[in-house]
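As structure tokens, the structure follows; a few thoughts come after it.
Just so you know, ligand 1 is whichever comes first in the structure, and atom 1 is the first atom listed for that ligand.
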Amino acid sequence: MAALRIGVLALQGAFREHRRMLDGLGAETRLVRWPAELDGLDGLVIPGGESTAIAKLLAIHGMYGPLRDAFAAGMAVFGTCAGAILMARDIEGARPDQEPLALMDVRIRRNAYGRQIDSFETAVPFDGVAGGPVKAVFIRAPRFADLGPGVRVLAVGDGGEPLAVREGRALAVAFHPELADDARVHAYFLESVAGA
Ligand code: GLN
């Protein structure tokens with residue numbers, strides 16, 4: 001099978017780490033900053049970072065329409081942390097100029113964890129990922145607050161809160177799998193792209 005062509009949105013945030021993981025899994029990767037760079041992609045990763053900054057740059061780069069169109073035309077999208085925030089239809093705690101991409105029927109709350117646990121690492125059982133819980137790094141993580149009927153929960157936290165959700169070819173996780181030494185969530189994404 002030909003290698004999957006996966007773009008990594010490289011406007012701000014942890015895009016290098018994502019690319020390294022995807023390269024390690026045999027994907028043909030490309031950094032994406034401008035609309036033409038979406039051409040021919042099987043999937044796109046939207047990294048964690050700062051969702052307000054990424055939103056601003058998406059607008060400046062004229063990416064909102066082309067990214068939504070590419071998704072509608074069959075490109076899969078995987079968002080982590082800030083990326084998950086941008087994929088939601090509704091962002092609680094958004095800046096007024098922070099437009100969601102609205103690729104998934106979910107509402108998400110920014111910075112939902114209190115100060116003391118701003119940042120932590122844990123292990124999370126993940127539906128569809130074999131070999132035990134996946135390593136997950138949380139940094140000022142968001143929380144999925146409301147899920148539409150077509151959204152499947154793949155991982156939950158200690159309090160039962162969803163940590164990973166999927167709706168068709170949209171996959172979003174509240175944590176940073178790219179910052180842990182564990183590529184299985186990326187492998188899951190590639191499998192889902194290959195199976196689509
Ligand atoms: N709190 C950040 C935001 O709202 C997301 C944090 C992250 O991606 N690690 O964009």
Arg169 to Phe189 six-membered ring, cation-pi geometry met (6.0 Å, 45°) =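 No, Arg169 does not sit over the ring of Phe189.
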
Report the nearest protein non-hydrogen atom to [atom]: residue, atom name, distance rounded to 0.1 Å.
| atom | result |
| --- | --- |
| atom 2 (C) of ligand 1 | Gly49 O, 3.7 Å |
| atom 3 (C) of ligand 1 | Ser51 OG, 3.3 Å |
| atom 9 (N) of ligand 1 | His176 NE2, 2.7 Å |

Closest approach of [X] to [Y] (non-hydrogen atoms, all atoms of both residues):
| X | Y | value |
| --- | --- | --- |
| Lys135 | Asp181 | NZ-O, 3.9 Å |
| Ala145 | Glu92 | CB-OE2, 3.9 Å |
| Ser51 | Leu86 | O-CD2, 3.9 Å |

Please state which part of Asn111 comes within less than 4.0 Å of ligand 1, counting heavy atoms only: side chain, backbone, both or neither.
->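 Side chain only.
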
Classify the contact between Arg110 and ligand 1 as side chain, backbone, both or neither, using a heavy-atom distance cut-off of under 4.0 Å.
->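 Only the side chain of Arg110 comes within reach of ligand 1.
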
If you measure every N/O of Cys81 against every N/O of ligand 1, is any gap under 3.5 Å?
->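 Looking only at distances, the answer is no, because the N/O contact criterion of under 3.5 Å is not met.
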
Ligand 1 and Gly48, any nitrogen or oxygen pair closer than 3.5 angstrom?
->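 In this structure, Gly48 places no N or O atom under 3.5 Å from an N or O of ligand 1.
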
Evaluate whether atom CG of Asp158 has more than 12 neighbouring non-hydrogen atoms of other residues, nucleotides or ligands under 6.0 angstrom away.
->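 Open: at most 12 neighbouring heavy atoms sit under 6.0 Å from CG of Asp158.
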
Please check if atom CZ in Arg68 has more than 12 non-hydrogen atoms from other residues, nucleotides or ligands closer than 6.0 Å.
->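 Result for CZ/Arg68: enclosed.
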
Could you tell me which atoms of ligand 1, counted from 1 in the order shown, lie closer than 4.0 angstrom to a heavy atom of Ile139?
->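 That gives atoms 6 (C), 7 (C), 9 (N) of ligand 1.
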
Ile85: numbered ligand 1 atoms lying under 4.0 Å from its heavy atoms =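 Listed by number with element, the hits are 3 (C), 4 (O), 10 (O).
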
So, His18 and Thr29: side-chain donor and acceptor under 3.5 Å apart, yes or no?
->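 Distance-only check fails for His18 and Thr29.
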
